[in-house]
Each structure stands twice: as structure tokens, then as C-alpha cells.
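Inspection log for the structure reproduced underneath, given as C-alpha cells.
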Amino acid sequence: MASSSTPKYNSNSLESPSSKRTLKDGTNWEHNEEIPRLPGETRVTDKDVIYMCPFNGPVKGRVYITNYRLYLRSVENDPVVVLNVPLGVISRIEKMGGASSRGENSYGLDITCKDMRNLRFALKQEGHSRRDIFEVLTKHAFPQSHNLPFFAFANEEKFSENGWMVYNPMAEYRRQGLPNERWRVTFINEHYGLCDTYPSLLVVPYNATDEDLKKVAAFRSRNRIPVLSWIHPETQAVIMRCSQPLVGMSGKRNKDDERYLDIIREANGQISKLTIYDARPNVNAVANKATGGGYEGEDAYPNAELFFLDIHNIHVMRESLKKLKDIVYPNVEESHWLSSLESTHWLEHIKLVLTGAIQVADKVSSGRSSVVVHCSDGWDRTAQLTSLAMLMLDSYYRTIEGFEVLVQKEWISFGHKFASRIGHGDKNHADADRSPIFLQFIDCVWQMSKQFPTAFEFNEQFLITILDHLYSCRFGTFLYNSEFLREKEKVTEKTLSLWSLINSEKSKYTNPFYTKELNRALYPVASMRHLELWVNYYIRWNPRIRQQQPNPVEQRYMELLALRDDYIRRLEELQITNNSKISNSSSSSTSPSQMMSHVQTHF
Amino acid sequence: EIHIKEPIEKEVNPRLLPGELLLCEASTVYKYIQEDGSNRGTYGKLVCTNFKIAFLDDDSASDDNEPQFKNKIVGENDITLQCVDQIYGVYDEKKKLLTGQLRKYPEKLIIYCKDLRVFHFCLRYTKEEEVKRIVSGIVHHSQTPKLLKRLFLFSYASAAPNNTGKYGRNQTVMFDTLEDWRDELERTKGNVKYKAVTTNEGYRVSEKLPLYFVVPICVSDESILKYEGRGIPIWCWSCHNGAALLKMSAFPKEQDDSASQMQKAFLDGIYKTISKPPYELLKMEDLSSSLPSLQDIQTAYTRFKQLFLIDNSTDFWATDVKWFSLLESTNWLEIIRRVLKKAIEVAECLERQHTNVLLIEESATDLCCVISTLVQVMMDSYSRTKSGFQSLIQKEWVIGGHGFLDRCNHLHKSDKEEAPVFLLLLNCVWQLVQQYPPAFEFTETYLTVLSDSLYVPIFSTFFFNSQHQKDTNMSGENLQTQSGPFRFLTVWDWSVQFDPKAQAFLNNTLYVEKPKPDKSQRKTTRFKHQRQLSLPLTQTKPSTKRGFFREETDHLIKNILGKRIGKFINSSDELPNSFREFYDSWHSKPVDYHGLLLPRIDGPEIKVWAQRYLRWIPEAQLHGGGTIATAAKILDLIEEVQSLQVKMDEEHSQAV
């Protein structure tokens, strides 16, 4: 992290690895005992540089590059300035200044990161020092562009928990009470023959045969047919997800698709219309007809009601985040903060996504009606909407493990194109496929947890850790675009899961205020009055804005919890002592009031 | 379409306080629960007394779900006359502001309250006679000019003389005695260079100044008397390093040249006296030039509050997309930011530059109060306890002579005098409370109910312009029924408004008391020790300026002082760098909740006080969420720990 702070302030940063093994080949590694290294991490090079810290000015230091990270330690500063950046977060590396450039520190490298910061290093203009470091960095930051494996495949960390065991689709559907007399599990996609971006196991209406599914697939973009995501335990109304119908300019119809949607509508015995939520703005849906897509027209689907949710596409979101970075990094826009924030539209997009998800959830819960959600391909906005609606309706997903299942299911297994959206290990920083869709989803979750501080088992650190490893490439969790590709690359065999890290140290990610509530629908207020910029994530590199960590209120609450547990223990001891009639009055027991003053709690 | 139950004919009577008189009433008034187009609501009686406007629900069975947090004096459907902000009548779907005499009576009445509640009453089913009486009654009693003695405060005090004066003085220092000021001087170690004076006994100096106040020891009674206390530095507080925060009421602009010459000479004399050792260097801070004017503040707040007085759901969502720019255009948050920034600048002068700071303002009772209060909240952890904060409000505002009556326009005498100066302070303190919750003994709920109390005229605290005004109106000579002097309630007696259960929400359960000094230590060393504890960030090396003046000869000091004073040091030309440095260096260290506390003032850090401003808007409710959810969890846990403690004590006694 870019700051002059000592490690105890670094809690906003990436995981500090527990492994501090001494390096055996540390010829050039000064103080190598303090340079963190993961098992499987190997050194590549190191060099004296000047780190151009945007907050504290130039910092003289030495940079160490491994196959996993860029690590910098200052040589003169006190406290020591440390940068610990996984190469995976690097989006772009540029040379700044040329051989002729004058002025101090104008010759070096400018590194753009995916996590809302830039790193600038000044180098000496001698030898090939810059060329060497540029090449090394480029090679290891963009392994996919150099035919190298991701670090995840070299990572030899060991964890007490195995995160790959967290999600078992069959178990998850069973938890939802599926299959039942109306919904069945199909293995038609076992070898990804029906749809190569869907998981192998799908839940579909009992009354639709595999043959029907194949016919429907022909009419849905990329064969992403409507399948079940979630079923309401009481109303039996379901959330279905899919891609757009291939209506095209000529307004094509497909009897099988029409009948299939009707089967879905009837599956929970509902008489009213089926609700279809098209996540896109109306005009975009119309425009999609030109490229063969479109939406469910009234004529073809008389038993369905269609609503557009006005959520913009990946390009709009990418530009919005870019604008947001402009006003928060390196300096926070000072004079007109609120209007600047508004002009990025970032929170407005968050609001629209949340509003859409609330509508979906409310329809299923209060409206007792099944819904079908889609956008164009059904892997970006659709994933946001279904997963958020499920988070609102099903308290299981608000636990640590439940949330892992949710991400694993709605995002990873249903083919959110993580590789393309994040650009893992890919040097093409300007790729139009990149977009912060998953970040936006996590932001929505954060907004919900902020509004309902006792409803989620996980804390803010959990969400930040997920985002950090979305980029880091230390785990296989978010690598590749689909289950099909992940299976091909043997990800579960050859890499570790992020959930292994988290579940091995759960207490670190647990919200002490969590109150378990079953079956309570949780609707956030999707109003700008309550939406906030997630300062602890977007502005975390700025030492001036950074908020206290750990949260003092949380910390005091934990102290109280510990006190309570201690009292319960002591009380039990006392009762045992008293019951056995051994009244040893001179025992070493401390009176509770003495203890109270010790914890300085004001009652 | 309206779907409602037939009104039940049932006699419901308002609950009246001692001295409260029913003035007019109307039945079959329909109160909308929410103007969301559904027209849901209840029938009831609308009454107006000399204290409040109240809606009495015909269906009294709805009292089943009593809220956990409830005000004993002002109910959910009660609006004190002083709490009414604006009244609108609706005629044929058109809203019209109601102020004085009415020719035509509206079908609907909308009451906007100063605590941001909005009431919609439908009068279509009410008898015409009753409509006339209630509408003109409400408008007359809440919107037209009033005599001070007609405030409910006086009727209440004369009707309930017994329940007053019970509030223990030891909790909040009232600053109405010489003793209180001397104690404060001693507490802050200001008594070496400053003295409490009795010059104003009988209000000989000025009716605007308190009976007792504190000035530098070298200031004579004659100078105090000369210009009715104007041009005299009045002490607010002393910092641990001896530097003091002072305030001064400036001279008004004189047309007469010789008069202004004399004033200038007088001021120069004063400055010279208080700039000599043992006094520290003096920095002047003319607040009227460096902060927004009262008019700016009033304009900003008027716009700001309008954003929260929402008529219906459609309005709420229509303004939502442009919310941030709407907020910005009010300028209210920017004013909060500027005020906090000024307070940090003053704190920097006191703490790091070790200079006295003299706040100057025409009356020294508006922005002076805001800045001096904030500086003390930031620098003196005692001000962050509940009694310390209350004492501070007494010192700087109530006794300090802030014109609450005029600024709140309680009597509807002049709109020009109205300015939400005290609310501005509470908004600034709230920023600190939400940024550093463990540093305060009180909660944001405390601040919210304190802001509500501004409009509850049973307490004298916020219903006088000065101590003099209160004293001269205490005698009760104008009321035949009253013999002795009135004894008013103070707002600080929270038991008047809240039962113990509700009061728990005012106290921050996470507040960690300042560690008590070791009793075995001797008194003198103990005090020093405590000081150091409370201010760990005190610079060890003295500032260069300070050293310079200490070591040089008197002669040199005089020369330089002359120039410095002539210049009227303006903070703007030299502060930014040292300010930034001070601010950044403080923020780079861990927070000591008992030490100096600086607010974060970057854009994202200045927020809307959601509890106060959003609490009555149905669309903005977080059911089962919000900060109150965690607060309730903490209270539950504390209760559990306490009961365990009791059980353990029982077991212990059994064991013995």
C-alpha cells in the first residue's frame, strides 16, 4: 500500500501473508528475512528506485519483484514505507520520460493499477536499468500475454480449510428444496454441449424435456436458456435467469421458447402473468434487435409482463469508474465534492442496480410471481440482479459461507466472464471487454451491509479481501470465463480457492454485530439519501481519508463480548464451587466490579 | 379514492400540562399517514393549546405499539407552537402559505415543523365553523408576533412551581455564579493570568454581558465600563500550555472620526497590555470577515431544510437522482466544512503556535460561540462528556448571551434576526461524533433531542436572549396569580422529557472514561500527569516564534508588537501551510480519544446528519437497520453483562 504507515495501519491492504520463511538464495536480497514471500513465490529481480508517493513525496527505496508481487521498502524513511502489490492488480505499465528528459525523477515507470491507484517509480538514467525492470514487470504482470501460467498455479500455500468444497451445486439446490415435483435437475449440459458458458448442472421445469431445452437454446443468445436460480420456500415463485431472445429485426418468434416460459409461469400454480425483467434500458433492448437480439414482445408472450430496469452496459460502467478514480486519486476533489461525485454517476448506477434487484425480490416475495431476468447475454447485469435479489430474500446468503456459495453459483458457475472483465494477466489494458461489474455488485452488497449493520455475518474486510483477490491471481477462484474452461485448465486441482484463505481465518472476516434472522427479506433503501461512496475501498490509499481500522465501535463491542464470555465462565466456576459446598472464601477470585473497572467500561 | 372507516364518535381529550389551556379544537379531521396517493390515514380531533397543536386519534387502540424511544412532553402527534415552521393551506389542489388573516378556509392543512416533521390534515369532513376556528387559531398562535410573557414557559412555571429547581447543580455547571467561573479558571489553569470579575453586577456594564465573566488580570474595571464591555477581550478557555481562547465584541463602524480615533487608541492600549508577557502572542481572528455571514447561514439552512420537508413519495424520488447537486447547491455542508476548518486553524494556533487567539465579532455572541465551543470540544476532552458539553453550552451560549429568542425567532418578531447558529454548532459537533464515536459520552441521538428541545418552551434554556433578559423576567410581577419569582426548568434535566429507558439512548455505551489518575500521587504532580495524558500530541519543541519572543529584550518586543498589531494579522496569508501540516501530521497518528481531536474535513467526510434530517421521511426509513440496530445490540449486551455481574456477586456472597 502506498503510505508511510507502519504495518498496523495496513489493515486496509492486501492480506499480509503469514509465511515469512527465509530465502535460501537471497544473494542480493538485503534484509531478506522481512520480505514476505508465499510458498511457491520466487524472486525475479530487485532494483534501487525512487517511489514517487503522491501523498508523501519521493521515497528512496528498493523494489523487489517476484513472480507474484512487487514489493518496495524505503531505505531512509522512518517509519519505513512499504508497498506490497500483487502483480495481478497491474493494468498497464508505461515508460515516462526519455533519454533526453530533464528534471529530477522524470525518468521512470508509471504503473496503472486495477484497484484505484497508480504507482510511479523514478529510475537512474544509466545502463539498461529501466528497460530491464520494464521487461521483467511486463512479463510477470501479464503472464497470459507471454505464455506463462498464472501465479495461482505455482502457489504452494497450505490452508486448514479447502475452499473448493464450499460450493456443491447439488447440495445448494437441495438446500432450496429442489428437485421437487415441479422442478427437476438436468444433466443435459454435463459436457457443456448445450451451453458452454453455463454450469453442467441445471434446474429446469419438470414439464420441460431435454429436447425442449435444446429447442429453446436455439432461440436464446449463446444458448443461455432460462434456468432456475432460486425458489421461494413459501410462495414457490422462482427467479429464472437467461439471455435475450433472438428476435432480430424481423421479429422472429419461437413457439418452444414461448411455451417454455408458460411452463415456468405455471410451475408455481400461478394464474397471473409471468414477470420478465430486462435489465437494459428500453432503447438498448430495441437496438439489440439490429444484432439479432431483442426482447419478449407482447404478441408472442401474452402471458408475460415485461419491465425494463434501465441499467447501462459494461462500457458505461467502465467509464463511470474511470471518472470516479479521477476525482479520488491521488487527491480528493476538494471544492465541489458532491457535484463531482454526482457527475461520475457511479452511485446512480449502484442505485439502479439495487432498485432493479429490489423489484425482482419484491415480485417473488410479495407479488408471489415467478420472474425471468435477463440482459443481453445474461452474465453481467443479470448476475447482479439475481444474486442481489437472492441476498435480499434468503438470509443464508448473508452468512460467510452462504455468500461464498452465492458468488460461486450466480457469478462463477454461470459464466460471468471474469477473465475478460478483469483482464487477468493480459497486457491489453484498453480491451473494451473490461468492466467493473463484479466490483459494482460488491459495492451494492456493501451498501446493504452499511444500511443493515446486523444482518450480515461478514464484515467490510471480507468484501475488500474478495476484491483484492479478484485481481491478485493468487487463487484460482476468479480465473477464466466459464466452468467449462476452468475444468479444462483443472483449476480446482492445480490452484487454491480464495475461500480456503477466508474460511481458515473466519474470525477476521466476521461481523460481531451479526444477528441471525431466518427468512427475513431485507430491502435496502435505494435512495441517494442513503447511498454512500465506499470510502474505505475507493479512497483507501489516501492516508488523509483513511478511516480508523479496526472500527472502534466494533472493537469495543468485541471487548464486551469477551467480557461476557469471561463472566459466564467464571460464573460457572463459582456455581460449581458453591454447589460442592466448598466455601473457600480466600480463593483467588477477583470481584466482578474490580474487573469492570479494568476494562474501563462505563455503565 | 378514500377508503376509511366511519369515524367513531368518542370523546378524546388532550393531555394538558400544568398551565396549558385548550384554545380551540376541531373534530373529524383526517390525518394522512403518508401522502403516497393511497390516502391512508385516521380521523381524529385537531386541537390548539397555548403550548401545542395536537392531533388526537379517534382510534386510541393504536397506542398498542408504544415506541421504545418516546418523549414525555411532546408526543408523536404534538407540535409545539414554536416548532411550527410554515403552514400551508390547500385550495383546489393549490398550496398557499398561511400567515395572518384568512378570507377563505382551506380543504387541507399542511404543517411543516422545525424538527422536519410534515403533517397533512384534511378538513373536508369537518364542520365549517370548526375549520374556521382551528385554522385561524393555529395560524394566529403559531405564526404571529407574540409577547415574551405570552410564552408557555411562564404559564407553565407559574402553574407548576413545585417541579422546578430539583435538578442537581453538580451535573452541569450553569455559570450564573462567580464561583462557577472561578472553578472553570482553576480547572483549566487559567487563573494565573485571568480573573473573574463582578463589574457587571446589576448589569452596570451591559445588559448583553453576563453577570460574571472572565478577563485578563491586567484589564481594569474602568476599561470594562468605558464602552459597555466592547473592545474587551473576554476569556473563553485556557489551553494546557497556557494559551487562551478569547472573544471580543467589536466596535460598530463609527461615522464620527474622533470617536473612532478614540476607540482605536483604546483598542491599541488593550492589545498592548495583553500582548506583553506573561501573555502569549496574540492572534486576531475577525470572524465576520473569515466566515459566512449570518444571512448566508440562514439562506443556506432554509434551502437545506427544504430538501427534507417532503410532501409525498413522488417528490422524494423525483429529487433523488439530483440529490448530491441539490445538496451542494444549498451550501450548508460547505458552511459546516468552513466552520470546522476555522476551528482547526484556531486549535493549531493555541496548540502548536502557542498563541492566544482573540475571536472578534460584532456582538461576540454568534459565530464566536460556534468557534469557541468547537475548539473546546476538540481540545478539551471534558467537553466531550455529557455534563462537560452541557456546561460548555451554558458557558458559551446560554450565559454567554447568544440571542436564542431572536435567532430562533420564537416570538415571530423579526425574520431578519433569524439564523440557525446553534443548529450549525450541533451539525458541526455531529460531524465529530460520527467520525469519532468512542470519544464522546453522548450519542447522536442526544444531539438530535437537544436540537428538538430548542422548540420546547417549558425550559428556559433556549428562550431568552441573555442572562439579563431572563433575570428581569423572572420576577413574575406581571402575573397576578404569581407571587414569588418563577423557577424555570433547565433542558439539562433530561428526566423531564425522557424516562430512564429512553435516556439510555442518549448515553454512548462505548465511551471509555478517561483513566483516573492514581490516588497515591500528590495533588500537584497528579494534575500535571493528567494533563500530559490528555494531550499526548503536545509538541515538545517550542515553536521558533515563541522562543524568539521569550529571549529577546522588552524593547524589541514592543517594536515588533506595534507592527503586528497594526496589521491585524489575518490568518489567510500565512496559515494554509502550517494548517495543512498540522492537520496531516495529526491524522497520521493513531487517535487518542481523550486528547486533541481534529475533524476530517475532506469532501466525503462531511455528511448529512441523517438521523435528524431523514427520520420522518417514510421512504428513507431503514426498517431494522441503521446505526440504531447496532446501538440496540450494544445495549442488550451491556444489560446481559450487568445481570451476569449481579449473579456473580450473589454467588460470591454465597461463597463467603
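Numbered from 1 within each chain, the chains take letters A, B, ... in sequence-line order. From a predicted model like this one, the values you see are computed outputs, not experimental measurements.
The aromatic rings of A/Trp534 and A/Trp446 lie parallel to each other, their planes meeting at an angle below 30°, with 60° marking the opposite boundary. Between B/Trp430 and B/Trp609, the angle of the ring planes stays under 30°, which puts this pair in the parallel group of the 30/60° scheme.
With a 4.5 angstrom heavy-atom cutoff, A/Leu561 touches chain B via backbone and side-chain atoms both. Residue contact with chain A, scored on non-hydrogen atoms closer than 4.5 Å, is absent for B/Ile617. Looking at B/Asp584, the atoms closer than 4.5 Å to chain A (heavy atoms on both sides) all sit in the side chain, from C-beta outward. Contact annotation for B/Thr319: both backbone and side-chain heavy atoms come within less than 4.5 Å of a heavy atom of chain A. The part of A/Tyr514 that comes within reach of chain B is its backbone (N, CA, C, O), which places non-hydrogen atoms under 4.5 angstrom from that chain. For A/Lys351, the part lying near chain B is the side chain, with the backbone staying farther off; criterion is any non-hydrogen pair under 4.5 Å. Heavy-atom distances place no part of A/His345 under 4.5 Å from chain B, backbone and side chain included. With a 4.5 Å cut-off on non-hydrogen atoms, B/Glu328 touches chain A through its backbone and its side chain both. Heavy atoms closer than 4.5 Å to chain B are found in the side chain of A/Glu348, but not in its backbone. No part of B/Val608 comes within reach of chain A, as not one of its non-hydrogen atoms sits under 4.5 angstrom from that chain. Neither the backbone nor the side chain of A/Leu533 comes within less than 4.5 Å of any heavy atom in chain B. Both the backbone and the side chain of B/Ile634 have a heavy atom closer than 4.5 Å to some heavy atom of chain A. Looking at A/Val553, the atoms closer than 4.5 Å to chain B (heavy atoms on both sides) sit in the backbone and in the side chain alike. Of the two parts of A/Glu517, neither the backbone nor the side chain holds a non-hydrogen atom closer than 4.5 Å to a non-hydrogen atom of chain B.
From A/Ile327, atom CD1 reaches atom OG of A/Ser339 across 9.0 Å, with rounding to the nearest 0.5 Å. Between B/Phe505 atom CZ and B/Glu444 atom CD the span is 12.0 Å, to the nearest 0.5 Å.
Counting heavy atoms from C-beta on, the side chains of B/Lys342 and B/Glu345 come closer than 4.5 Å.
Remark: B/Arg600 fails to qualify as a cation-pi partner of B/Tyr583 under the 6.0 Å distance and 45° angle criteria applied to the six-membered ring. In this structure, B/Lys341 forms a cation-pi arrangement with B/Phe579, its terminal cationic atom sitting closer than 6.0 Å to the ring centre and no more than 45° off the ring axis. Cation-pi geometry between B/Arg303 and B/Trp332 is not satisfied (NZ or CZ under 6.0 Å from the ring centre, within 45° of the ring normal).
Between the B/Asp592 side chain and the B/His594 main chain, a donor and an acceptor come within less than 3.5 Å of each other.
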